[in-house]
Structure formats: structure tokens, C-alpha cells
Amino acid sequence: MEICRLENVSKIYHSGEDVCPVDNVSLTISQGDFIGIEGPSGTGKSTLLYLMGGGLLKPTHGDIIFGGRDMSKLSDRELTSWRAKNIGFMFQETSLFPALTALENIELALYLNKRSRLTQAEREEAMTLLTELGLKERAHYLPHQLSIGQRRRVVVCRSIINHPSLILADEPTNDLDSFWAEKVIHILESFAQNNGAVVMVNHTSWAERAQQRYRLNEGKLISI
Ligand SMILES: Nc1ncnc2c1ncn2[C@@H]1O[C@H](COP(=O)(O)OP(=O)(O)OP(=O)(O)O)[C@@H](O)[C@H]1O
Ligand SMILES: [Mg+2]
């Protein structure tokens, strides 16, 4: 079943000289897909993920259809709640709220989705995820008290806690040793196999684990 479709999507940044990192890209993402995007630094891989991210970035041209809905028809408010429910974003930079602990950062994602008091079961699920990612003893640490790799693992927990339909993973193995990188890739594979879908940007050998691989080159998405 189709989850998301990009139809002739382009993005032009107008700061200084015009830059067009995504040029007339069409792509269909379906349940079970594990799609990999590769390409040199600065080509537009993160831009492409932000475009897929439910209004995080709006296309200059083209349409983004998610679950049959045209994203351009939703207000910013609708997009925000829709995004919290449907998309798990592993940002390239480990963007955690500095004043919240690892556990609270994950609980905040839960709260932003349901907008009501969390249940004990939800808190326990957050803790179980942190434990799975080796962070049980670090759950109550603030981001600045965590190593970069530990922060990245918190980001992984946060992106899956709401059981989204699509995970957008921007260089999710950065800062991780091979043990934890394998764990994260395994989580992504399992997520896709269980009727989710994953789009992963990765420039390391972990990119080979994606089932459909593309290269972004001068704005064009080329199957490899
Ligand atoms: N907000 C912005 N305004 C203007 N230009 C931007 C903006 N964001 C990105 N760009 C430009 O778009 C191009 C693509 O950037 P992007 O971050 O998508 O690349 P990337 O492929 O993810 O690179 P990396 O592998 O280094 O993460 C770059 O030339 C960048 O300078
Ligand atoms: Mg990037």
C-alpha cells in the first residue's frame, strides 16, 4: 500500500544564487519499502528528506501526497499534528531539547502526538526503547551529559515511539560504532518489514542494507 508519493517535486533555495538541490523528482514510497539515498555532501539529500517530512520544507514545484492527502492543502497547524503522528524523523543533527532528559525528550514526542497525559504503559514503552538502545542508565541524563553516539540513539528512540507510518533517517549511523549502527539498521529493517516504510540517507557501507538504492545527482534521483 502506498504511503507517500512525490510527484515532480522541485526545491529551489533563493538565498544568494539560486540552488536547486531537488529537481523534478518523482518517487512512490510503499509499506515495506526500505529506500536508501546516497550522494556527495551538499547535493540535497537532507533537503529531499525534509520535503518528505510533512511540511517541514515545502516544495517550490510539485506535489507531495501522503496517505492520499495532498500536503499543500493542510494548514501549518494540521501539518504539525499530522507529522507528529505519521513521521519519525531521525535528524542528521541530533536535535534534542537541552533542558529535558533523554526520557523526557521521548515523552515529549509522545505528548505532542496525543496531547494528553501519558499512561504508565507509554512511559514504560519509552523506557523499554531506551533500554534496547543501551541507555537504561542514562535515561535521566540531560543531552549535554550524553556522548554524541548516545544522543543519536535517543533520537532513534524518539523517532519510533509514536509508531509512525514513515521513518526518515538522515545519516542514522553517524557517531555510532558498528555494534550500535547494526542495531539501528536492524530496527529500521524490522520497522519496514512490519508494514512501515523507511527512507534512509547514508553515505557509508550501511547504505547497502537498503533494498532500493538511489543516488541524488544534480537534483535528479537515479536508481542504482
Ligand atoms: N535553507 C537553505 N537555504 C539556502 N540553501 C540551502 C538551505 N538548505 C540547504 N541549502 C543548500 O542546498 C544544498 C543541499 O543541501 P543539503 O543539506 O540538502 O545537502 P546534503 O546532501 O544533505 O549534504 P550533507 O551530505 O553534507 O548532509 C546545499 O548546497 C546547501 O547549501
Ligand atoms: Mg544532509
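Start at 1 and go down the list; that is how both ligands and their atoms are numbered. Along the sequence shown, residues are numbered consecutively beginning with 1.
- Between E78 and K73 there is no salt bridge, since no side-chain nitrogen of the basic residue lies less than 4.0 Å from a carboxylate oxygen of the acidic one.
- D33 contributes a side-chain N or O that, together with a main-chain N or O of S30, makes up a donor-acceptor pair within less than 3.5 Å.
- Of the candidates C20, G42, G39, G42 brings a heavy atom nearest to atom 28 (C) of ligand 1.
- Closest protein heavy atom to atom 15 (O) of ligand 1: T47 OG1, 3.9 Å.
- Heavy atoms from other residues, nucleotides or ligands lying under 6.0 Å from NZ of K114 number more than 12.
- Sorted by chain and number, the protein atoms of type N, O or S within less than 2.8 Å of the Mg ion (ligand 2) are S46 OG, Q92 OE1.
- Exactly one of L57, V19, V25, L48 qualifies for a side chain to side chain contact (heavy atoms under 4.5 Å, CB included) with K11. That residue is L57.
- Within a 6.0 Å sphere centred on CD of Q145, other residues, nucleotides and ligands contribute more than 12 heavy atoms.
- Among protein heavy atoms, atom 6 (C) of ligand 1 sits closest to Y13 CD1, 3.2 Å.
- For ligand 1, the polar-atom distance check against G44 finds a nitrogen or oxygen pair separated by under 3.5 Å.
- For atom 18 (O) of ligand 1, a protein heavy-atom neighbour is present inside the 4.0 Å cut-off.
- Any N or O atom pair closer than 3.5 Å counts here, and P21 shares no such pair with ligand 1.
- Among protein heavy atoms, atom 25 (O) of ligand 1 sits closest to K45 NZ, 2.7 Å.
- Applying the 6.0 Å contact sphere to CD of Q212 captures more than 12 heavy atoms from other residues, nucleotides or ligands.
- With hydrogens left out, the protein atom closest to atom 4 (C) of ligand 1 is S15 OG, 2.9 Å, a heavy atom.
- One finds a salt bridge joining R5 and E7 here, because a Lys/Arg side-chain nitrogen approaches an Asp/Glu carboxylate oxygen to under 4.0 Å.
- Within the 3.5 Å criterion, the main-chain N or O of V9 finds no donor-acceptor partner in the side chain of N24.
- The part of Q92 lying near ligand 1 is the side chain, judged by heavy-atom distances below 4.0 Å.
- For D76 and K58, the salt-bridge test passes: some basic side-chain N is under 4.0 Å from an acidic carboxylate O.
- For the pair L6/C4, a side-chain contact is recorded, criterion being any heavy-atom separation below 4.5 Å from C-beta on.
- Around atom 22 (O) of ligand 1, the closest heavy atom drawn from G219, G16, S46, S41 belongs to S46.
- Contacts of E132 classified as side chain to side chain donor-acceptor pair (under 3.5 Å), with partners at least two apart in sequence or in another chain: none.
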